[in-house]
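What follows is a single structure, written as structure tokens, with notes after it.
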2 protein chains.
Amino acid sequence: MTDNPTERRTQLAERLKEARKLAGLSQGQVAKLLGLHRPSVSEMEAGNRRVSADELSQLAELYDVSVAWLMGEVPETVDAADPRLQLAARELSKLKPEDLERLLKLLAAMRDDTSDPKEP
Amino acid sequence: MTDNPTERRTQLAERLKEARKLAGLSQGQVAKLLGLHRPSVSEMEAGNRRVSADELSQLAELYDVSVAWLMGEVPETVDAADPRLQLAARELSKLKPEDLERLLKLLAAMRDDTSDPKEP
DNA sequence: ACGGATGGTAAGATAATCTTACCGCCCTGA
DNA sequence: TCAGGGCGGTAAGATTATCTTACCATCCGT
């Protein structure tokens, strides 16, 4: 299972280390660039220290990788399975951002209203 | 500047709140599902508490959005990479066929109506 | 108005991180 | 050979953030 918390932290740690080396940086350089102390970087890569969202974002930028890759998120484009979804997504992509926002809110409302009575 | 640390935290906070509501969940439900206390969720959405990588990942999964969108990462491919599109598409898939039909017509109408004057 | 659900916030207890320091390893040059 | 420097891992007390419980206000549906 990939959503085990411990496994997740371990994978992030490994990828942080891998990405840093690929970027040709030392822990000390990273620490200085992010305004941290070197042990903090070391512990991040050992999986013994949490990585905050801010730090994650800065690290991804610094290492020139995506946050998604660091986290082991599957690339996952829109589900190719259902053709209706493809059609819908195509239509959605033509909308202006604000229209999309309104639509999303509408959808959420529809789902809440029309759900069957047994739903907790 | 989008990589200002304070702005980043604020944007994440806003998106967490937005995504949660779009997912139709209360702070209490989220807290229970993630094994947190409700105030923690509240502070996350207020930008007063850091969000760890683990939590970020779990929240993204729970809300059916990508981590990248939560963090405000610029979409690399403007294509189907927009998590809002994925979310919307997923929502659409829950609709009954006839409702989807009507919605698609509505989308087309929105697209035509709200276009700027130069549009043919 | 009541009861229940929701969300914001406070304060002390708790757990995490920070900071400094020391350690060993691997180079490289004197 | 061995001093010097860079690198990375780890320990321990100081510091800071988070947790936990609690109280409050607001909004609904009854």
Side-chain angles (χ1 to χ4, degrees), chain A residues 4-60 62-63 65 70-71 104-106 108-120, chain B residues 4-60 62-63 65 70-71:
Chain A
N4 178 304
T6 302
E7 275 190 33
R8 235 204 283 261
R9 190 196 300 164
T10 301
Q11 183 178 27
L12 172 59
E14 288 170 354
R15 298 222 166 172
L16 281 177
K17 186 168 215 162
E18 180 182 352
R20 177 178 57 79
K21 297 200 166 176
L22 286 175
L25 296 169
S26 71
Q27 292 183 349
Q29 289 176 306
V30 172
K32 184 165 293 183
L33 285 167
L34 294 212
L36 300 172
H37 288 256
R38 193 184 53 74
S40 298
V41 178
S42 178
E43 300 288 9
M44 280 185 202
E45 295 182 358
N48 297 327
R49 177 198 181 277
R50 296 209 228 179
V51 183
S52 75
D54 272 14
E55 292 162 346
L56 200 62
S57 188
Q58 294 182 78
L59 287 167
L62 189 57
Y63 297 159
V65 298
L70 283 178
M71 311 264 300
L104 284 171
K105 290 187 168 59
L106 176 63
M110 288 176 65
R111 192 189 47 204
D112 290 344
D113 287 348
T114 64
S115 62
D116 51 80
K118 292 215 175 44
E119 204 65 44
Chain B
N4 178 306
T6 302
E7 273 189 33
R8 235 204 280 265
R9 191 196 301 161
T10 302
Q11 184 180 26
L12 172 59
E14 287 171 355
R15 298 222 167 173
L16 281 176
K17 186 168 213 161
E18 180 182 352
R20 176 178 57 80
K21 296 199 167 175
L22 287 174
L25 296 170
S26 71
Q27 291 182 349
Q29 289 176 304
V30 172
K32 183 165 294 185
L33 286 167
L34 295 211
L36 299 172
H37 287 255
R38 195 184 51 74
S40 299
V41 178
S42 179
E43 301 288 6
M44 280 185 202
E45 295 183 359
N48 298 328
R49 178 198 181 275
R50 295 208 234 177
V51 182
S52 75
D54 271 13
E55 292 161 346
L56 201 60
S57 188
Q58 294 182 80
L59 287 167
L62 190 58
Y63 297 159
V65 298
L70 283 177
M71 311 262 301

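Each chain gets a letter, A, B and so on, in the order the sequences are listed, and its residues count up from 1. Values below: all heavy atoms of this structure, side chains included; hydrogens, waters and symmetry mates excluded.
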In whole Å, what is the span from the [atom1] atom of [X] to the [atom2] atom of [N]?
{"X": "Leu36(B)", "N": "dT18(D)", "atom1": "CG", "atom2": "P", "value": "12 Å"}
{"X": "Gln29(A)", "N": "dG6(D)", "atom1": "CD", "atom2": "P", "value": "11 Å"}
{"X": "Glu43(A)", "N": "dT10(D)", "atom1": "CD", "atom2": "P", "value": "7 Å"}
{"X": "Met44(B)", "N": "dA17(D)", "atom1": "CE", "atom2": "C1'", "value": "13 Å"}
{"X": "Glu45(A)", "N": "dG8(D)", "atom1": "CD", "atom2": "C1'", "value": "9 Å"}
{"X": "Arg49(A)", "N": "dA17(D)", "atom1": "CZ", "atom2": "C1'", "value": "12 Å"}

* Contact boundaries on DNA chain C for chain A, cut-off under 4.0 Å to non-hydrogen atoms -> dT17(C) to dA21(C)
Give one of base, sugar-phosphate or nothing for [X], where a contact means two heavy atoms less than 4.0 Å apart.
{"X": "Ser42(A)", "value": "base"}
{"X": "Lys21(A)", "value": "nothing"}
{"X": "Arg38(B)", "value": "base"}

Distance from [X] atom [atom1] to [Y] atom [atom2], nearest 0.5 Å?
{"X": "Leu12(B)", "Y": "Leu56(A)", "atom1": "CG", "atom2": "CG", "value": "10.5 Å"}
{"X": "Lys17(B)", "Y": "Ser42(B)", "atom1": "NZ", "atom2": "OG", "value": "7.0 Å"}
{"X": "Gln11(B)", "Y": "Met71(B)", "atom1": "CD", "atom2": "CE", "value": "9.5 Å"}

* Asked: Checking Arg20(B) side chain against Leu25(B) main chain: does a donor-acceptor pair fall under 3.5 Å?
  -> yes
* To do: State, yes or no, whether a side-chain contact exists between Met44(B) and Glu55(B) at a heavy-atom distance under 4.5 Å.
  =>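 Yes, close enough: below the 4.5 Å cut-off.
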* Identify the heavy atoms of Ala13(A) and Glu45(A) that sit nearest to each other, and give their distance. =>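 Shortest heavy-atom separation between Ala13(A) and Glu45(A) comes out as CB-O, 3.5 Å.
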